[in-house]
Structures are given as structure tokens and as C-alpha cells.
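Below, all heavy atoms of this structure are taken into account, side chains as well, without hydrogens, waters or symmetry copies. These numbers come from a predicted model, not from an experiment. Chain A is the first sequence line, chain B the second, and so forth, proteins listed ahead of strands; every chain is numbered from 1.
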There are 2 protein chains.
Amino acid sequence: MAKLPSDIILNGCCIEEMKKLPDECVDVVFADPPYNLQLKDDLTRPDQSRVDGVTNDWDQFESFRAYDEFTRAWLSEAQRVLKKNGSLWVIGSYHNIFRLGTAVQDLGFWIQNDVVWVKSNPMPNFRGTRFTNAHETLIWAAKSPKGRPTFNYHSLKAANEDVQMRSDWTLPLCTGAERLKKLGAKVHPTQKPEALLHRILTATSEPGDVVLDPFFGTGTTGAVAKRLGRRYIGIERDGTYIQAAAERIAAVNRPKNEKDLAPIPAPRKAPRVGFGQVVEAGMLRPGTTLRCAKGKHRARVKADGSLAAELIEGSIHKVGATLQNAPSCNGWTFWHYERAKGSYAPIDELRQAIRARPS
Amino acid sequence: MAKLPSDIILNGCCIEEMKKLPDECVDVVFADPPYNLQLKDDLTRPDQSRVDGVTNDWDQFESFRAYDEFTRAWLSEAQRVLKKNGSLWVIGSYHNIFRLGTAVQDLGFWIQNDVVWVKSNPMPNFRGTRFTNAHETLIWAAKSPKGRPTFNYHSLKAANEDVQMRSDWTLPLCTGAERLKKLGAKVHPTQKPEALLHRILTATSEPGDVVLDPFFGTGTTGAVAKRLGRRYIGIERDGTYIQAAAERIAAVNRPKNEKDLAPIPAPRKAPRVGFGQVVEAGMLRPGTTLRCAKGKHRARVKADGSLAAELIEGSIHKVGATLQNAPSCNGWTFWHYERAKGSYAPIDELRQAIRARPS
DNA sequence: CATGCCACTGAATCTGTAC
DNA sequence: GGTACAGATTCAGTGGCAT
């Protein structure tokens, strides 16, 4: 197979351009599609025919239908090019997010979360007839119910005062120096803040991953991808936007040190160590008594790396679960050994010592 | 025309019961329909306790298509009975809100706002696989594009420290004494907080208005309507819920004085700021070296908002604590960055800058 | 009576690998 | 594909009870 092009901007309709890409070749799709539901003038059907102005119910239905057709067309291609364990992100407001979400579900994506971008500095409602429109909605979905997207849980938690990252993200609009301008006018009407893409990409991708943005605009996705050591493929119809995006991304520095980009490793991915290895290594002798943190439960270490309690024997996990009458148990943190006279520590310490040994 | 019955609970299917009501007879419809959750297995907390999920029959649907058909049927009736300038409110989560929103638009309602109920105390994600599901979404819509729903802009603004009420509402879950229980068990799995209905009804209805709730459950809508001097029509299939609702509403006092109907103040807690936001905002680039006040300890900023020192990585707090061999550490005051050549300042400055951003 | 500790709980599409 | 099993994983708040 030819090498997948990346770190490029393709000029054209996103549906046509995606069709040229092979199956399952990108790790993340981020899409900020046009809203256009009210501004019927520039809404076109997938076949490029125009939708007429809207005044009555039939036309309204017709325009929703055209938007839905367009949505399903590009989402289908996005699904095809997305890897099995890839992530789809779409963003929208109440004008279009319900159409997007319904299409995402109907096509068989599996929603992981919806996320609200709460704007710390939204535009006020000048007429006083509605609530200040202070948020937009993102949908994070897997390619299918079986997909297992990357999720850097521990990174997010560490970055969030050591509590889980929630589904509401408070971030400012894209303003100031970050906002691209030309002759004093903004280049793109809905440029997204880099902080938003930063969080999305650190959460659901890894360095080296390929991020596809079918509505590239002025290239926020590309700029953040480059800064975070990800690769990008942008698709955009408008030449003005492409030029602005290209200049912008060229000015971004790639990170010097790969280590600064790596997410905190997930304990689940650490090499597997069996309790038998602890016994083999002589860290615990057969016959040693282990106890739970409070000393309520006890069991003896057996030479084969299993545990024996009064009426039961088996793995450190099984025995712990049975004694507690629980469906499961992490024996590594449940069982403690006497590290010094009267001082107990979880046997997970011993596992860590084995993992730290040079291999 | 016969006088419209009100302050009653109708026992039956909401579609059938609504069909018995005349056209354009209610001012507000508030609907909290089944979410169509698809829970496969039991879920346990890390302490092995079981999560009491929503497994009721009424929440089960065969398919998206069946759910959509049901949705369109009850929404059509709701639209018919709604007055020309009435308000529709629906609430849901990512499982169903996109279906609801699409149906609302297709039927010709006109969305005024979507509103997010940000939960101050949501249930965490116990497996570390997703973002904490910390919000639900409401849709506020007019009967048609020509509808002009009641909107008490000035009371909301007065209740919100004289700034416009926004589309994100931070409110706690329904817990404590407000939560209806019977023999220690919750009567209804998804009872909504009264504060939520309070804000909805003070915003988009007037005293004396009729509020229809086709999924009445244990009657939060009725209780708040009565307290606020509105009338209500509840529809509910389940006799147990109806009985609980009736008792509950009977215990609510109607207001003696119209002047007492002022809206509740909007609680606004300062949002938590994580170190990740500092990195996302571009205030510190990945690879930047931080040091403690005396320069003894150093660590590098990572792109994901964690810190990396020689042998350890984690949050600013964890890394600071480990390096000092202390049980805990306030990373915001411990770590310093080079603000100017040779001049260091605590990173707490950067947090303050984020907090100072307009909200 | 104040304080601290422990138990309990909430609309949840909540694992990964080997055999 | 199904089964078995190792083992990773929680925040804000309420309420009861002991000290």
C-alpha cells in the first residue's frame, strides 16, 4: 500500500477527497461542519444543487433533509477511513447538533460521551429574548460498539487536579492574537480555540497518530496536531482558508523532545506480572502469612504462587474476592505483607519491584 | 368549551391522554421521557458496591426506530395541545437527546435554546474509560417559528447577579430530604431536582399558566408548579408513582402572596482550574522546565498537563510531594516558572490569570 | 454539642487478554 | 465467538454513629 499522505491540506469537497483515502487509515476524525440550517442561501445538496429559500413547512423539511443527506454522506466516509479503535469528534450548536448526533447513531458509531464546551466569554443575547447562548456541544464516538478508542485517562486526571475530567469544559472563545485576521477582519467566522483541540487530541490520540479534519477551515486542528506531535490531513474547499491555514501551521514549532508528548502510561498496559514470579524471586517464602489492610482476612502463600485460606485456595484475586464475598478483587492491593516488624505494605510493592528490574 | 381540568394527574399512556385534551390549551409542556439507556451488565464501584442502574421496563425500546416513532407520536400531541405562544421543554442525555432534538425540529417546533444542566455532584465514571458524565441537555422550543414564548428575562437577570442567565445551569442532583423514598429505597430512579423545574417555570411561564407533564413520574413538575402558583396536568402510567406524586404535591403550600414567587438565586461556584488548562492555553509550552523556589527540584511540563521529573511523572501535586518525600504538596505554590530572564514566579499566577478571564 | 470516621449513593450505553 | 479470569477503577455529598 502506498504510504498515507499526511501533514497536508487537500483542496476539495470533503466527501470526494475522503473517497480517495484507503479504509481504516486515520486514528481520529475531528469535524466542525457548517451549520447553515437557517442561512439557506449557501446550503447545497450533496449533488451541489441549491436548496431554495425557506418560508413554509415543506421547504423547512426539505432543507433539513438536504442537510441530513449531506451529513450522512460525509459521516459515512469518515467512518470508513477511521481505524477500528479510532475516535470521531463532531461539534455543533443546537442548530445542527441533533441532526449530527442522530446520524452518528444511525450509522452505527457508538457514542462515548457528549461534551459541552462552556464558553467563559460568550456573546450576550442582545434582544433579551433567550438565554445567553453560552455553550456548544461535542460528540465523542467510537467507530462501532466494539471500538476501543484511545483514552488517556490518567493524563486527563493529572491535568485536572487529580480528579476525573468531566464532560463540561470551560474554555474561552478564540480571540486576541490567536484569532487569524486579515486587514482587521477575521479570516474565518467560527475559528475554534486551540485549547479545545489540545484537550481533544491529548485525550483521545497518541503522538504519531493521524488526525483527519474534513472541514479544515483555517487549520486549528493542524496547528494543534503539529504542536502535539500528531500528523494531520485537512480537507477544505476554500482557497483563502487553505492559504491562511498553511501559513499558520508553518509557524508552529514541532516539539523538540518526544518525551514531553507521551501520555501517562496506563497501568492496564504495564507488562503482566504473576504472583508466582514474586514467590519465584524469593520475595515471599512459601508459608508466609498475608493479611488484608485491616487484618480481618488472612491467607498463606503457597510454593506454586497461589494462596490458601481456611476453606479456599486459588489466585490472590480469587481468594480475596471469596473472603470478602465480592464479585472480584484486586489481590495486589488487597493483600499486605509484613515489610518490617509490625509494618505492613501491599504486595503490589513487590510487583513494582519486579517491573523495575532491568530486562 | 368545557373548563380545562387542571391540578390533576391522569393515569394512562401520555399519547392517549393527550388526545383527550383540546387544541392549544396549555402554556408549557415539560417532558422527561425515557432515555432508552442500554445497560448490559452490572456495574460495581471500586469498593465493590453495586450501582443501582435504571433497568425499568419503561426505559426499554427495541430499536432507535421504535424510540423515534414513540417520540414523534407524543411530541405531535404535545404540539397540538400547546398554545400558539407556548413553550416546549424536553430533557435527555446523549442516549436520546439527539433523537428528541431531531424530532422537535422535524415537527416544526422552533428551538429557542438548548440548555445544559451541569451537575455539581454527578456519579463518577468507575472504570476510567470516559469523561465523567456530568451533564444533561434540555431543549427549549416554541410551537412554531412564529411562536413568541413567555420569557421573563428581567427576573432571570435579577436572580443572576444582574447578568443575563446563560444556557449552562449548574445545579446539584436530587438527593437528601427532597428525594422520595419508601422503605429506604428511592421511589423513582430518575427524580429531577425541584430547582431545575423552578428555573424553567420562572423563566418561561407566568402565575396561573397551565403546565403539562406527559411523563409525570413522582411529580416534581406538579410540586414546583403548585409552589409557584402555576397549574399542572400530569400524565403517568404507573400507579405507584402517581400515589407518591399525589402525596408529595398535597404537602406543598400554594404561595400566599404573589410577590413571594421570585426566582431562586443562581448559585455559581468558581470552576476548578487544572494545570492542564494552563498548558492548553499556551501559557507554558511542553518541555518547559519548572523548579521549586530554591531551585533544588526540577521537572518538565508535558503536553498532557502532567509533570515529569527524573523517575516520576504525574500531577503537579503528586510530583512535588514525591520529590519532597511528603504526603502532599500544593503544586501551584511549589512550582515556579521563569517569568523573565532569571526571574521566577509561582505557577499559581497562571491559574489566577485563567480565573480572571471573563465569565 | 462539636468533630471525625465510615457507610452509602446518584439516568452508566464503564475492561482486556488468553484460551 | 464464548468463557474464564486477571486486575483496574470514584466524586460530592448526606447521614449515622462513636468519640
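A residue-by-residue look at A:Y153 and B:G176 shows that A:Y153 has its nearest nucleotide of DNA chain D further toward the 5' end. Each of B:G53 and B:D47 was assigned the nucleotide of DNA chain C with the nearest heavy atom; the assignment lying further toward the 5' end belongs to B:D47. A residue-by-residue look at A:D162 and A:V273 shows that A:V273 has its nearest nucleotide of DNA chain D further toward the 5' end.
Residue A:P145 is out of contact with every strand shown, counting any heavy-atom pair closer than 4.0 Å. Residue-level contact check: A:P327 touches neither bases nor backbone, having no heavy atom under 4.0 Å from any strand. Nucleic acid contact for B:S93: none, since no nucleic acid atom lies under 4.0 Å from a heavy atom of the residue. Within the 4.0 angstrom heavy-atom criterion, base atoms lie near B:N125. Contacts of B:D32 with the nucleic acid, taken as non-hydrogen atoms under 4.0 Å apart, include base atoms. When heavy atoms are screened at a 4.0 angstrom cut-off, A:W110 is found touching base atoms of the nucleic acid. Residue A:I111 is in base contact, counting any heavy-atom pair closer than 4.0 Å across all strands shown. Counting any heavy atom pair closer than 4.0 Å across all strands shown, A:V163 reaches sugar-phosphate atoms only and no base atom. Using a 4.0 Å heavy-atom cutoff across all strands shown, A:C329 reaches at least one base atom of the nucleic acid. Using a 4.0 Å heavy-atom distance criterion, A:T333 is classed as making no nucleic acid contact.
For B:F131 and A:F151, the distance between ring centers is under 6.0 angstrom. Taking the six-membered ring wherever Trp is involved, the centroid distance between the rings of A:Y337 and A:Y344 does not fall below 6.0 Å.
The shortest distance between the side-chain N/O atoms of A:K318 and the OP1/OP2 oxygens of D:dC5 is below 4.0 Å. Side-chain nitrogen and oxygen atoms of B:H135 include none within less than 4.0 Å of the OP1 or OP2 phosphate oxygen of C:dA11.
Candidate nucleotides D:dA6, C:dG10, D:dT9 were compared by shortest atom distance to the side chain of A:N330, and D:dT9 ranks first. For A:K294, taking side-chain heavy atoms from C-beta onward, the closest of the listed nucleotides C:dA7, D:dT9, C:dT9 is C:dA7.
Using modelled atom types, one finds no donor on one side chain facing an acceptor on the other under 3.5 Å when comparing A:T204 with A:W140.
Seen from the ring of B:F64, B:R99 counts as a face-on cation partner, given the 6.0 Å and 45° thresholds. Within the cation-pi definition used here (under 6.0 Å to the ring centroid, within 45° of the axis), B:R199 qualifies as a partner of B:W169.
A donor N or O paired with an acceptor N or O is found under 3.5 Å between the base of C:dA11 and the side-chain atoms of B:K192. Donor-acceptor pairing under 3.5 Å, judged by distance alone, is absent between the side chain of B:S49 and the base of C:dA7. At a cut-off of 3.5 angstrom, counting only N and O atoms as typed in the model, there is a donor on one side and an acceptor on the other between the side-chain of B:R127 and the base of D:dT9. At a cut-off of 3.5 angstrom, counting only N and O atoms as typed in the model, there is no donor on one side facing an acceptor on the other between the side-chain of A:R351 and the base of D:dG7.
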